[in-house]
Asks: 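Sharing a structure, written as structure tokens. Questions coming.
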Amino acid sequence: MQSYISSGSGMVEATIYVGIDWRGRLAERVVREAAAILAREYGVPLEVSVVEIPSDSLESQSRGLPVLIVDGVVLAEGRVPSIEEVVDGVFRMLEAAGGLGPAGFPVFDDAVWDVVEEALA
């Protein structure tokens, strides 16, 4: 399997700040699933760290949790990101850093899905 990371430590780091509620658990699960897809399908390792902030559901919402930060860039705040959003965000960051190899991975972009839906209709 070819890895798309060509420089640096070879590891992309994600930190997700969560409250102790269902949104936090769901956000953690989504990010871990995205990390598994990135590693399995594209050879891009995503190290996931979870920071729990003691708060109930209402407190979490008022604090803007969950917050997903990937290599210092906020990808999602105050909501649970989708798996596609995490994967696409990691690829956008790698591309901006010049760390992507040849193209060929699917782009999780609304415009792409519109074209696919049109073709299927």
Asks: Decide, yes or no, whether a salt bridge links Arg79 with Glu85 under the criterion of side-chain N to carboxylate O below 4.0 Å.
Replies: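 Salt bridge between Arg79 and Glu85, a charged N being under 4.0 Å from a carboxylate O: yes.
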Asks: By side-chain contact (heavy atoms from CB on, under 4.5 Å), which residues pair with Ala34, not counting sequence neighbours?
Replies: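 side-chain contact (heavy atoms from CB on, under 4.5 Å) list for Ala34, sorted by chain: Ile83, Val86, Val87.
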Asks: Ion pair present between Glu33 and Arg29, side-chain N to carboxylate O less than 4.0 angstrom?
Replies: no
Asks: Checking side chain to side chain contact (heavy atoms under 4.5 Å, CB included) for the pair Phe91/Leu38: CA distance, chi angles, key distance, verdict?
Replies: CA-CA 9 Å; Phe91 277 124; Leu38 284 163; 3.9 Å; yes
Asks: I'd like to know if the side chain of Asp71 and the backbone of Glu13 have a donor-acceptor N/O pair within less than 3.5 Å.
Replies: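 Yes, Asp71 side chain to Glu13 backbone: donor-acceptor pair under 3.5 Å.
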Asks: Taking all non-hydrogen atoms of both residues into account, name the closest pair between Ala14 and Leu68 and its distance.
Replies: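 Looking at all heavy atoms of both residues, the shortest contact is CB-CD1, 4.2 Å.
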Asks: Which atom names give the shortest non-hydrogen contact between Val70 and Met93, and what distance separates them?
Replies: O-CE, 2.7 Å
Asks: Look up atom OG in Ser49 and atom CD1 in Ile69, then write down how far apart they are to the nearest 0.5 Å.
Replies: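 So the gap between those two atoms works out to 11.0 Å.
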Asks: Considering residues at least two apart in sequence or located in another chain, which fulfil the side-chain contact (heavy atoms from CB on, under 4.5 Å) criterion with Glu52?
Replies: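 Result, side-chain contact (heavy atoms from CB on, under 4.5 Å) vs Glu52: Val18, Ile20, Arg25, Val50.
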Asks: What distance separates Leu46 CG from Ile37 CD1, expressed to the nearest 0.5 Å?
Replies: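 Between atom CG of Leu46 and atom CD1 of Ile37 there are 11.0 Å.
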Asks: Between Ile53 and Leu65, is the side chain to side chain contact (heavy atoms under 4.5 Å, CB included) condition met? List the steps.
Replies: CA-CA 9 Å; Ile53 299 173; Leu65 298 175; 4.1 Å; yes
Asks: Do Ile16 and Val67 make a side-chain contact, defined as non-hydrogen atoms from C-beta onward lying under 4.5 Å apart?
Replies: no
